[in-house]
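Since this is a predicted model, take the numbers as computed values, not measurements. Ligands are counted one by one from 1 in listed order, and the atoms in each one are counted from 1 as well.
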Amino acid sequence: MAKRRDFIKVSALGLGGATLGIPLISSLAKTTLEETRGDYQSMKRTPTYCEVCFWKCAGWVYKNDEGKIWKITGNDEDQHCNGRFCPRGTGGVGMYNDEDRLKTPLIRSEKDGQQTFREASWDEALSYIAKKLKVIAEEHGPECTALFTHGSGGKYFGNLLKAFGSTNITAPSYAQCRGPREVGFIATFGEGVESPERTDIRDARCLVLIGSHLGENMHNGQVQEMSDALDKGANIITVDPRYSTVASKSKFWLPIKPATDLALLLAWIHVIIDEGLYDQDYVKKYTFGFEYLKEHVKNMTPEWAYGITTIKPEIIRETAREMGHASPSVIVHPGRHVTWYGDDTQRLRAVAILNALLGSWGRRGGFYRPETASVPSYPHPPYPEPKRNWRDAFPGQYQLADLALASGICDATIPTVTRDCSFKAWIVNGTNLIETLPNQKNTLEAIKSLELLVVVDTMPMEITGWADVILPECTYLERYDLVRTSPHRKPQIALRMPAVEPKNNTKPAYWIARELSKKMGLADHFPHEKLEDLLDWQLKQMGSSLEEMKKIGVKTFDREYDDLFFLPDEDIEFFTNTGKIELYSSALEAEGFDPMPKYTPHEEPQEGYYRLIYGRAPMHTFSRTSNNPNLTDLMDENKVWINPKVAKEWGLENDQLIHLLNQDGIRSKFPIKVRITERIRWDSVYMVHGFGHDQRKMSRCYGKGASDTNLISRVHIDPVMGGTGMRGNFVTFQLDAEEVKS
Ligand SMILES: Nc1nc2c(c(=O)[nH]1)N[C@H]1C(S)=C(S)[C@@H](COP(=O)(O)OP(=O)(O)OC[C@H]3O[C@@H](n4cnc5c(=O)[nH]c(N)nc54)[C@H](O)[C@@H]3O)O[C@H]1N2
Ligand SMILES: Nc1nc2c(c(=O)[nH]1)N[C@H]1C(S)=C(S)[C@@H](COP(=O)(O)OP(=O)(O)OC[C@H]3O[C@@H](n4cnc5c(=O)[nH]c(N)nc54)[C@H](O)[C@@H]3O)O[C@H]1N2
Ligand code: SF4
Ligand SMILES: [Mo]
């Protein structure tokens, strides 16, 4: 068998090797050594899929003779991870071990005139919620309730909410993340990119990454495929104002001026058409609007783009040729967190158009057609028809949004004279909205207008501090969940089952939702007392069983059709109005938007201010891992990256503590250490998202580093689909910072 590359090495890509990789390798290698001594392979193991991020890798949890979790590793059969977990997944056991976890239900109450939480039994907490929801439904209608969710429990609470009479179910992974990408690609190809992304990176000959920092963005399978592609000689073009880890592995690094990517994309389109580098047969056979596009980009030359992007014309031409020569095995990566400047759907349209010209959609080394295993749904009574939904708060707007907007529901919770759709109750499951939605003042105003806020979480995060009732869920290592059925090259399912008993007085979301349904008179919608019963029933219909899945963890099915890629000359009808790939978008035009993307300039920082940009660190996921004992060992605070030229002007030194002050006069709650580096442009500063927690109950991460969300008070809404552009904020420095006392 070929020797497998160690995943950790992948995270140590290039320059990052010196800065990120070494501590990562040494510290993980240490635990791995200790663990191997125990020969974990002979230990008892149970299957799971990881909940440390939303790539959902399937793996095994090994336990020693004392029943202690010893190691979590990947399942070899799993397409998401190919047997290898990332550092965060390996460290997932820290979520279980964290002594700061929520332990029992809590209800907001008053003591000596002060608000506080008191411990409650599950019965009391759930009765309290059911009673409140009933009153709210009688007074305002059940449609006034909303569910914010990110993670597995969403399905159960979603079922409950729909049974109750509300369809306002939303996740921040849309309007704060990949929404514009899905809308831009659906407008072009009639289909979205989905998650995991349908990118055939392993066979790509050229990969273009536009602010998509694979390697720091540690979505497992993609990073592995990128590493394989590099081994096979693929070239990477990275467009990023920051010298990211992947930039160091790239043939070209284009340190673009932030907020100008659309100009670069249009100039690339110009060159590709002008020099005939596009896939002419493909364009002729499958696309609509080529002549309009050609006319549209006629004057968008590299020289034009140079003045906007600061990228030299010859580099724009050279990189366009690089893509053209690799066509169709070239991916202009759609990215994932794409809510940047408010014109994001149009930027992603340009990305989609570029891929269409290069003929990469439906081609090997480009984009494949994923398939998803279909799991039978169980019979339950019909849901009531809601009288209204979140869209009523935005008449005529965001028609192309195919999912509910978390930020939209938040906005529509603040009562105004024009809006009669104000929400009165939120159930928040597995999303730390305070750190997740931009404009914290707005989020808090919405929360203060609520009659009921229920938070289901594992940790005492910021959002729990605002709850009326806190329901402690057990971690993914202590529960069953529905089988994972994500789209991939082959249809596949993965099982999650408990490796250990729930700690303290915590419960799985399924149990919570079902018990609540009983109190609300909606138990008919949860016919299975235990999730295992439902799983076994579903699995048997699919030709497997719970027993089998406990042994194998992952099961792969054959594809229904042999259509991973287009066949040569195949006739294809795309799900667009014209049945073609729309270079000219009829759907956008019908909604009154530009049918072809246009560059419009964005605001620039004033003298003494720098654009605030943010991203991921390989060993953390948003704010959810900041207190994880295993992962804080690897990184326990963020630093603000500042260009040496700027640092010199301000007299800053490495590791000096400073405060950041944004354009609206908002000061970072906590100070942050300076990191002086050539790896960031002089007009921007950079920090990792997920730090600067102000919940004292999280003992390891309280006051460590700064929160980008604190400073993102200005939001540029995407008029097409309502995404929240968050990179139009600017900060300056305040040098009067003092160490935070924990
Ligand atoms: N400023 C800023 N805002 C951002 C981003 C950014 O980079 N910067 N990124 C955006 C993006 S791309 C996304 S996808 C979103 C992500 O936003 P969120 O999904 O809100 O991410 P987290 O902040 O990690 O919050 C996850 C919450 O789930 C809890 N949790 C963890 N495991 C479980 C579990 O098993 N059960 C339950 N019930 N709860 C659990 C955690 O304790 C935490 O409170 O944020 C968006 N917002
Ligand atoms: N380790 C880890 N991996 C993760 C996650 C995590 O929390 N931790 N979260 C996952 C999720 S839900 C998501 S959505 C993804 C997000 O990951 P990605 O979509 O890959 O990246 P972002 O975090 O949006 O972008 C960060 C990069 O954009 C660059 N950038 C900033 N402004 C501009 C600009 O104007 N133009 C260009 N070209 N670049 C710019 C920044 O310098 C930075 O390198 O990561 C996923 N993977
Ligand atoms: S990429 Fe890492 S954190 Fe995300 S699901 Fe996979 S192992 Fe878990
Ligand atoms: Mo995301």
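For the ligand labelled ligand 2, residue Ser173 lies outside the 4.0 Å heavy-atom shell. At a 4.0 Å cut-off, not a single heavy atom of Cys53 sits close enough to ligand 2 to count as contact. For Met619, the heavy-atom gap to ligand 2 stays at 4.0 angstrom or more.
With a 4.0 Å heavy-atom cut-off, ligand 2 is reached by the backbone of Ser212 and by its side chain too. In Lys56, the part holding a heavy atom less than 4.0 Å from any atom of ligand 3 is the backbone. The proximity of Arg178 to ligand 1, defined as any non-hydrogen pair under 4.0 Å, does not occur for either the backbone or the side chain.
Atoms of ligand 1 found under 4.0 Å from any heavy atom of Glu435 (numbered from 1 in listed order, with element): 3 (N). Close approach of ligand 1 to Met726 is summarised as follows: ligand atoms under 4.0 Å from at least one heavy atom of the residue are 2 (C), 3 (N), 4 (C), 5 (C), 47 (N). For ligand 3, the atoms closer than 4.0 angstrom to any heavy atom of Met218 are 1 (S). Each of the atoms 1 (N) of ligand 1 lies under 4.0 Å from some heavy atom of Ile712. Atoms of ligand 1 found under 4.0 Å from any heavy atom of Thr458, numbered from 1 in the order shown, are 30 (N), 31 (C), 32 (N), 33 (C), 34 (C), 35 (O), 36 (N), 39 (N), 40 (C), 42 (O). Remark: ligand 1 atoms within the under-4.0 Å shell around heavy atoms of Met461 are 42 (O), 43 (C), 44 (O).
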- Worked verdict on Glu197 versus Arg336 for salt bridge (charged side-chain N to carboxylate O under 4.0 Å, His left out): CA-CA 9 Å; Glu197 283 78 7; Arg336 186 165 175 117; 3.0 Å; yes
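Remark: the Thr339 side chain and the Asp344 side chain contain no N/O donor-acceptor pair separated by less than 3.5 Å. A side-chain donor-acceptor contact under 3.5 Å links Ser152 and Glu51. Between the side chains of Arg101 and Thr458, no donor-acceptor pair is found at a separation under 3.5 Å.
Of the polar atoms of Glu51, none of the N or O atoms is found under 3.5 Å from an N or O of ligand 1, judged by distance alone. For Leu437, no nitrogen or oxygen atom sits less than 3.5 Å from a nitrogen or oxygen atom of ligand 1, counting backbone and side chain alike. Residue Tyr614 places no N or O, backbone or side chain, under 3.5 Å from any N or O of ligand 1. Checked against a 3.5 angstrom limit, the closest N/O atoms of Thr475 and ligand 1 fall outside it. At least one N or O atom of His150, backbone or side chain, sits closer than 3.5 Å to an N or O atom of ligand 1.
Atom 4 (Fe) of ligand 3 lies under 2.8 Å from an N, O or S atom belonging to Cys53. Residue side and main chain included, Cys57 places an N/O/S atom under 2.8 Å of atom 6 (Fe) of ligand 3.
Between atom 32 (N) of ligand 2 and the options Tyr243, Phe54, Tyr341, the minimum heavy-atom separation is to Tyr341. Atom 21 (O) of ligand 2 has its nearest heavy-atom neighbour, among His213, Gln176, His337, in His213.
Between Arg714 and Asp664 there is a salt bridge, since a side-chain N of the basic residue sits under 4.0 Å from a carboxylate O of the acidic one.
Considering only heavy atoms from C-beta on, Ile210 comes within 4.5 Å of Val332 through its side chain.
What sits closest to atom 10 (C) of ligand 2 on the protein, heavy atoms only, is His219 NE2, 3.3 Å.
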